[in-house]
Each structure stands twice: as structure tokens, then as C-alpha cells.
**Q** 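Just dropping this structure here.
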Amino acid sequence: QVQLVESGGGLVQAGGSLRLSCAASGRTFSPYGMGWFRQAPGKEREFVAAIAWSTGEPWYLDSVKGRFTISRDNAKGTVYLQMSSLKPDDTAVYYCAADLAPPLYHWDPDNYDYWGQGTQVTVSS
């Protein structure tokens, strides 16, 4: 089994930055891809960013391109989301997810196999 634990959320002013981390349990972890999603109250879970584990190829929601950067540390089994120039519309619970097998439909939450518990990001205006 795989356990994912997010951290790094918090309260930040508009224009500020946060770095989210998602750590996988175990000594070895080699998913096909990892993704970040977010969900605001009353909204559907929304794709934010994803990364192919072996190659590092990233994908982003258009509205976060140039502001967010996804990365991973294969040795640590950890994926990160560096968020800059944060806006109030970025406020949500952020979840990391692991996709263990191809294909990687990175935008589709139903394609992921394991999820973390989420970490709250609140951006004040």
C-alpha cells in the first residue's frame, strides 16, 4: 500500500509564496506520475499540475502556468509544488495523488490510484 502525506499549506497574502510537499511512505516509490489537485468549497476537484515520474515532464492548469512549478525528488519519493504570486482564487484544499500505471491522464482525478489527506491553502486579498 501507498501512503501520501501533504504538508506546507497555510495562510498567505496575495502575491506571496508557498511550497507544498507530498511524501510517499516506504523506501522505494516509483509511480508512473504524480499530480496536484485542489478543491474549493462547492467546487469540483480541479487539476493543478502533474509530472511524469521518470522523465520529469510537467503539465499545468493554464491559470497557474508561470506561477506554479511541480518537481519531484525520486530518492525521497517526494513531489513538490512551488506556488508563487498567489491569488485569492488559489484558495483551496490541495491534494497530491499517485498514478501507478500508464496511461497518465494527468488532468483526470479518476486516473489516480492513491491520494493524500490534503493541505489547506488560504490566500487573503
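What you see is a predicted model, and the numbers here were worked out from it, not measured in a lab.
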**Q** Which word best sums up how the rings of Y94 and F68 line up, parallel for under 30°, tilted for 30 to 60°, or perpendicular for over 60°?
**A**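 Tilted, since the angle between the ring planes falls between 30° and 60°.
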
**Q** Are the side chains of T69 and Y60 in touch, meaning some heavy atoms are under 4.5 Å apart?
**A** yes

**Q** Is V2 close to D113 at the side-chain level, that is, under 4.5 Å between some pair of heavy atoms?
**A**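 No - every pair of side-chain heavy atoms lies 4.5 Å or more apart.
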
**Q** Under 4.5 Å between any side-chain heavy atoms of M83 and W36, yes or no?
**A**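 Not touching, per the 4.5 Å side-chain cut-off.
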
**Q** What I want to find out is whether K87 reaches D90 closely enough, with some N-O distance under 4.0 Å, to be called a salt bridge.
**A**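 D90 and K87: not salt-bridged.
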
**Q** Within the side chain of S85, is there an N or O that forms a donor-acceptor pair under 3.5 Å with the backbone of R67?
**A**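 No; zero donor-acceptor contacts below 3.5 Å.
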
**Q** What I'd like to find out is whether the side chain of Y112 reaches to under 4.5 Å of the side chain of L104, using heavy atoms alone.
**A**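 Result yes, sub-4.5 Å side-chain heavy-atom pair found.
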
**Q** Compare all side-chain heavy atoms of Y105 with those of D110 and state whether any distance is below 4.5 angstrom.
**A**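 A side-chain contact under 4.5 Å is absent here.
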
**Q** Keeping E6 on the side-chain end and C96 on the backbone end, is there a donor-acceptor pair under 3.5 Å?
**A** yes

**Q** Donor-acceptor check, side chain of R38 to backbone of V48, threshold 3.5 angstrom: yes or no?
**A**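 Answer holds: no.
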
**Q** As a test of understanding, state which of L4, D99, T78, I70 forms a side-chain contact (heavy atoms from CB on, under 4.5 Å) with M34.
**A**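 Exactly one option meets the side-chain contact (heavy atoms from CB on, under 4.5 Å) with M34, and it is L4.
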
**Q** Evaluate the side-chain proximity of Q117 to V5: yes if any heavy-atom separation is below 4.5 Å, no if none is.
**A** yes

